[in-house]
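First the proteins, then the strands, lettered A, B, ... as listed; each starts at 1. Here the structure is a predicted model, which means the values were calculated and not measured.
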2 protein chains.
Amino acid sequence: MSRKAPTIHDVALRAGVSPATASNVVNGNRPVGEESRARVLRAIAELGYRPNHLAAALRAKRSRLIGVAVPEISNPFFASLVHGLEEQAAASDYELVLVSTGEDGAAERRRIEALIDRQIEGLIVVPSRDDSFSALREKRGRALPPAVLVDRGCESPGVDTVGAECAAGAYAATRHLIELGHRDIAALTPSRHLANIRARIDGYGRALAEADLSARARVCVGGQHIDALRGAIEQDLHRADRPTAIFALTNVAALAAIKAVRALGLDIPGDVSIVGFDDFDWMCALRPYLTTVAQPVDEFASSAWRLLMQRLSGAAKEDDVRIELPCALKVRESTGPARPRLKIAAGA
Amino acid sequence: MSRKAPTIHDVALRAGVSPATASNVVNGNRPVGEESRARVLRAIAELGYRPNHLAAALRAKRSRLIGVAVPEISNPFFASLVHGLEEQAAASDYELVLVSTGEDGAAERRRIEALIDRQIEGLIVVPSRDDSFSALREKRGRALPPAVLVDRGCESPGVDTVGAECAAGAYAATRHLIELGHRDIAALTPSRHLANIRARIDGYGRALAEADLSARARVCVGGQHIDALRGAIEQDLHRADRPTAIFALTNVAALAAIKAVRALGLDIPGDVSIVGFDDFDWMCALRPYLTTVAQPVDEFASSAWRLLMQRLSGAAKEDDVRIELPCALKVRESTGPARPRLKIAAGA
DNA sequence: GTGAAAGCGCTAACAT
DNA sequence: ATGTTAGCGCTTTCAC
């Protein structure tokens, strides 16, 4: 270790000016004369001075830190979201403090409170439950920083939100399946507790209803874990009146559905068609390329960032802003015409 | 906005003790009497006091912030790494500040310096180049926090590193291909500039050499971008003596190889076998399940964290610690026996 | 345009 | 076991 890092005081000393002036050179808060500026700059270079953001943040009450909380970083959807947010942060001279909540309410609250205790200026959250944020506010009173909820909790009062038109996306996907002649279409979902999931179920239900298929609606709820999801849909697939198509309501559900169908030796889309949710590279690498409802995740990130910056600048109006972005149905190879069911597992 | 948040001073006042005692209750730095402790705790609850980590960090010179820099968050390998690190952080009462460097040296330096200016206590980096860290140290002198390099730069002096036994992994993969009868095995890689990639190339070369196939070695360098990679290997695939197997040295290269092979209407593994690198869920969802060299990414995270914590506690010895974890060859469906080449694109 | 002085909220000496 | 004091490094009044 060399001697301790130079402070702005050292810079000021060496430049023969006051700390205030040195500070003003570093972060142009006030105009500084040609002469002084040059000397300060020189001193900075000579000393290798670097500002201490912590101290600046404490004094100015601006940490330039944004807290980000997602349920699970390795989920490609959330990973893409974080990626987009990081890009925005880098461009606006902010840093991201990232926590993972694991779809667990208690852990979520602890992690988000840790973020707040660190004086983050704003919060971007994919909550584990729709009411997570309201619950948090109840606990913390008005001491919450500006926040934007993404993907989930899109009806939460008192906070801006960004989500997708899930009902429309799900409707389009289900229509697609119906037009292919499917009449037994199962929806596979981790839970029914999230509004965005319920919107997907609604879209699915509406498409069925329009085709007079309401009686055949079946929503298979499999839980968060992929193995549980897979087990749940596998049971359904074992029935004599097994579905000829599965609409997976999340990307994890899609993976589970694929594995279940494979495990039973059924062909995609020959025996069972599959529509997934979300979209990323690996979905169109291996066969069959997955038909899916793509959410505009990059726009999620940029919209959430924009909303948050507006709140931080105080330029936002009182009302909560609700952004709903359209989904896009990507028809690829995992969906095909319905065929009469054969007995399953009748050999290779 | 309600009135400003209570400080530890307010707590002390209300509990009728000194700020020091209140502080000691909050973060058990020194023992506190039963009586005082109870009153402080009550004051904290009544006031809804929350400590300001920024101020604590400034004073104690311990930010409990760890900087993490990865080339690209949405790459599933890095996403898993970050996920693992976040788990460790949550368990040790640290927070992660995450930046993305985009495989770009200049951006990397800027982002990492931003991290340092925020007084992070330690740094976990997947550098964009093997010498990134040395270059950084040159610029910043000894003012660098303890750091651990993961995956890349594993020979950098003056810093602990965690990586995989890439040469052994690549050797095993290539042997596997050779045992299947392949003699024209192309290696596809984004670049040759990273030591871990070179180790993979070495392992590949050694296996070829042992089988007297050195003359047929071909390393196809395609660049960072997936389309470029794909174009590069597609060219190779167009040649009359096209490879019957491709060993993709990264997960992005694997994706590119698959797309290229598909685009030419070739069958995997019938016409071309493929071995990938890294391992994650989607690799064994769609067909054919990808044969791959799996790196122990969770162990990367836990080892890196452990090393960093040791440095932070001062318990580490002087010497750089080098951890090399074994890879595992996962033989699945994308590799099969070599078949004589037929003319390509001869119709459906 | 510049400087002096006063803290931001907290913890670490040094007392007792 | 507890209190008193003095800052951490910075920015911001308030003067000039």
Side-chain angles (χ1 to χ4, degrees), chain A residues 3-41 43-44 47-65 93 114 116-121 143 145, chain B residues 3-41 43-44 47-65 93 114 116-121 143 145:
Chain A
R3 64 186 167 292
K4 56 198 282 296
T7 72
I8 194 133
H9 205 90
D10 301 325
V11 171
L13 228 55
R14 181 175 251 262
V17 300
S18 76
T21 299
S23 167
N24 289 326
V25 169
V26 172
N27 44 47
N29 275 356
R30 288 194 317 194
V32 173
E34 260 322 299
E35 177 74 1
S36 311
R37 137 165 293 108
R39 306 172 55 160
V40 169
L41 255 18
I44 287 177
L47 259 35
Y49 166 77
R50 303 250 79 196
N52 180 333
H53 269 62
L54 231 52
L58 175 60
R59 176 62 234 236
K61 297 182 177 314
R62 298 207 62 214
S63 65
R64 298 201 80 84
L65 246 29
D93 200 23
I116 298 174
D117 292 348
R118 285 181 186 282
Q119 314 301 118
I120 49 151
E121 284 183 40
Chain B
R3 62 185 168 291
K4 58 198 280 296
T7 74
I8 195 134
H9 205 89
D10 301 324
V11 171
L13 227 55
R14 180 175 251 264
V17 300
S18 76
T21 298
S23 166
N24 288 326
V25 169
V26 173
N27 45 47
N29 276 356
R30 288 192 318 192
V32 174
E34 261 321 300
E35 175 76 0
S36 310
R37 141 165 291 107
R39 306 172 53 162
V40 169
L41 255 18
I44 287 177
L47 259 32
Y49 167 77
R50 303 251 81 197
N52 180 334
H53 270 61
L54 232 52
L58 175 61
R59 176 62 235 236
K61 296 185 178 311
R62 300 205 61 214
S63 64
R64 299 200 81 83
L65 247 28
D93 200 24
I116 298 173
D117 292 349
R118 284 179 187 285
Q119 314 301 118
I120 49 152
E121 283 183 41

**Q** Can you pull the contact range of chain A along DNA chain C, 5' to 3', using atoms under 4.0 angstrom from its heavy atoms?
**A**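 For DNA chain C, the relevant span reads dG1(C) to dG9(C).
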
**Q** Taking the side chain from R118(A) and the backbone from S63(B), do they hold a donor-acceptor pair closer than 3.5 Å?
**A**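 At least one qualifying donor-acceptor pair exists.
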
**Q** Please output the side-chain donor-acceptor pairs of residues 51-61 of chain B that fall under 3.5 Å, not counting sequence neighbours, one pair per line with the distance.
**A**
{"from": "N52(B)", "atom 1": "OD1", "to": "L54(B)", "atom 2": "N", "distance (Å)": "2.8"}
{"from": "N52(B)", "atom 1": "OD1", "to": "A55(B)", "atom 2": "N", "distance (Å)": "3.2"}

**Q** How bent is the helix from dG1(C)-dC16(D) to dT16(C)-dA1(D), comparing axes over its five end pairs at each side, to the nearest 10°?
**A**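 Comparing the first five pairs with the last five, the axes sit 30° apart.
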
**Q** Would you mind building the protein contact string for nucleotides 6-12 of chain D? One character per nucleotide, 5' to 3', B for base within reach (heavy atoms under 4.0 Å), S for sugar-phosphate only, - for untouched.
**A** BBBBBBB

**Q** Only counting residues at least two apart or in another chain, list the ones meeting salt bridge (Lys or Arg N to Asp or Glu O under 4.0 Å) with R14(A).
**A**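 Here the qualifying residues are E46(A).
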
**Q** Can you list every salt bridge (Lys or Arg N to Asp or Glu O under 4.0 Å) pair that touches residues 15-28 of chain A, not counting sequence neighbours?
**A**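 Residue pairs with at least one partner in residues 15-28 of chain A: there are none.
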
**Q** Taking side-chain hydrogen bond (donor to acceptor under 3.5 Å, both in side chains) as the definition, give me every residue that meets it alongside Q119(A), ordered by chain and number, with sequence neighbours left out.
**A**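 With sequence neighbours excluded, Q119(A) shows a side-chain hydrogen bond (donor to acceptor under 3.5 Å, both in side chains) to no residue whatsoever.
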
**Q** Could you pull out all donor-acceptor pairs under 3.5 Å where a side-chain atom in residues 19-30 of chain A meets a protein atom, sequence neighbours excluded?
**A**
{"from": "T21(A)", "atom 1": "OG1", "to": "S18(A)", "atom 2": "OG", "distance (Å)": "3.4"}
{"from": "N24(A)", "atom 1": "ND2", "to": "A20(A)", "atom 2": "O", "distance (Å)": "3.1"}

**Q** Is the shortest heavy-atom distance from the side chain of V32(B) to the side chain of V40(B) under 4.5 Å?
**A**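 Side-chain contact under 4.5 Å: no.
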
**Q** Find the distance between CG (L47(A)) and CD1 (I8(A)) and round it off to the nearest 0.5 Å.
**A**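 Result: 11.0 Å between the selected atoms.
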
**Q** Heavy atoms only: give me the nearest Y49(A)-T7(A) pair and the separation to one decimal.
**A**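 Answer, listing the atom of Y49(A) first, then T7(A): CE1-C, 3.5 Å.
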
**Q** So, using salt bridge (Lys or Arg N to Asp or Glu O under 4.0 Å) as the criterion, who are the partners of R50(B) when residues are at least two apart?
**A**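 Testing R50(B) for salt bridge (Lys or Arg N to Asp or Glu O under 4.0 Å), a comparison that skips the adjacent residues, returns E113(A), D117(A).
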
